[in-house]
Every structure is written in C-alpha cells, then in structure tokens.
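Structure record follows, encoded as structure tokens.
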Amino acid sequence: MKLYTHEQILEETLGKKGTPRRDEYEEAIDAYILGETIKRARVAKKMTQEQLGDLMGVKKSQVSRIENGKNLTFATIARAFKAMKIPVSLDMGNMGKIPLWQ
C-alpha cells in the first residue's frame, strides 16, 4: 500500500500551486476558515446571527453568508470582530502587525 501526502493528492487532483484550479481551491479554503473563525467567535460570545447582524448593521442572512465564507473582505472581517469587541491585527511578517481593530 502506497501512502501519499496531502500535497501530492492536491497536486494530482487540482494541479500545482499557482494554477487557476488550485488557486480557486486555496481561496475557497481560506474563506471557509475565516468564516468559521467568525462563527466560533460569535458562538463563544453567546450571540445569535441576528444579534451580530444588528451590531454590524446588516441582516441575519448577511451574517450567515459571511460565516459560510461568502462576501468576505477585510472591511467585513474587521466589522464583524469590531462588533464583537475582539481586537484583530494583520501580521505583515517583518513589517510587524497592523491593527484592523483594537
């Protein structure tokens, strides 16, 4: 039985990093992780989607889309965490961290 690494399977099915299909997959995974992070933060704060939407100035359906990795922008992410009073910063590596909201 031959074992394959995760990277080998991804390259076999989606192509190498930098190819359009692989990039699309990577972006979808990143969006899912961000949405899930927002959802977990909301649940930890014992908030409903409706309550978070009220604080963000959007409808519950928009919060649902955000948590499902749709309509994600830096501004939306910052607004969600700001509404929950969770400080967020962007790690720029050697350039340091830039606060999106404190």
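Worth knowing before you read on, the calculation uses all heavy atoms, side chains too, and leaves out hydrogens, waters and symmetry mates.
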Thr37 vs Phe81 side-chain heavy atoms within contact, under 4.5 Å = yes
Can you find a pair of side-chain heavy atoms, one from Glu11 and one from Gln8, that are under 4.5 Å apart?
->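 No. Closest side-chain heavy atoms not under 4.5 Å.
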Non-hydrogen atoms of [X] and [Y] that approach each other most closely:
X: Thr76; Y: Asn71; answer: OG1-O, 3.7 Å
X: Met84; Y: Ile38; answer: CE-O, 4.0 Å
X: Asp23; Y: Lys17; answer: OD1-C, 4.5 Å
X: Ala83; Y: Leu52; answer: CB-CD1, 3.8 Å
X: Val63; Y: Gln49; answer: CG2-O, 3.6 Å
X: Thr19; Y: Leu14; answer: OG1-O, 3.6 Å

Taking atom CE of Met92 and atom CG of Asn94, what is their separation to the nearest 0.5 Å?
-> 10.5 Å
From Ile77 atom CD1 to Leu90 atom CG, the distance as rounded to the nearest 0.5 Å | 9.5 Å
Residues that Thr13 engages under side-chain hydrogen bond (donor to acceptor under 3.5 Å, both in side chains), provided they are two or more places apart | none
Mark yes when over 12 heavy atoms from residues, nucleotides or ligands other than Glu12 sit less than 6.0 Å from its CD; otherwise mark no.
->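 At most 12 heavy atoms, drawn from other residues, nucleotides or ligands, come within 6.0 Å of this atom.
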ILVMFWY cluster, Ile86 and Val43 together (side-chain gap under 4.5 Å) | no
Could you tell me whether the side chain of Asp91 and the main chain of Lys97 form a donor-acceptor pair under 3.5 Å?
->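 Such a contact is absent between Asp91 side chain and Lys97 backbone.
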Going by atom type alone, with no hydrogens or angles, which donor-acceptor pairs under 3.5 Å involve a side-chain atom of residues 24-32 and a protein atom two or more places apart or on another chain?
residue, atom, partner, partner atom, Å
Glu26, OE2, Arg22, NE, 2.7
Glu26, OE2, Arg22, NH2, 3.2

Pair listing, salt bridge (Lys or Arg N to Asp or Glu O under 4.0 Å) test, anchored in residues 48-75, at least two apart |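 Salt bridge (Lys or Arg N to Asp or Glu O under 4.0 Å) check on residues 48-75 returns Arg42-Glu67.
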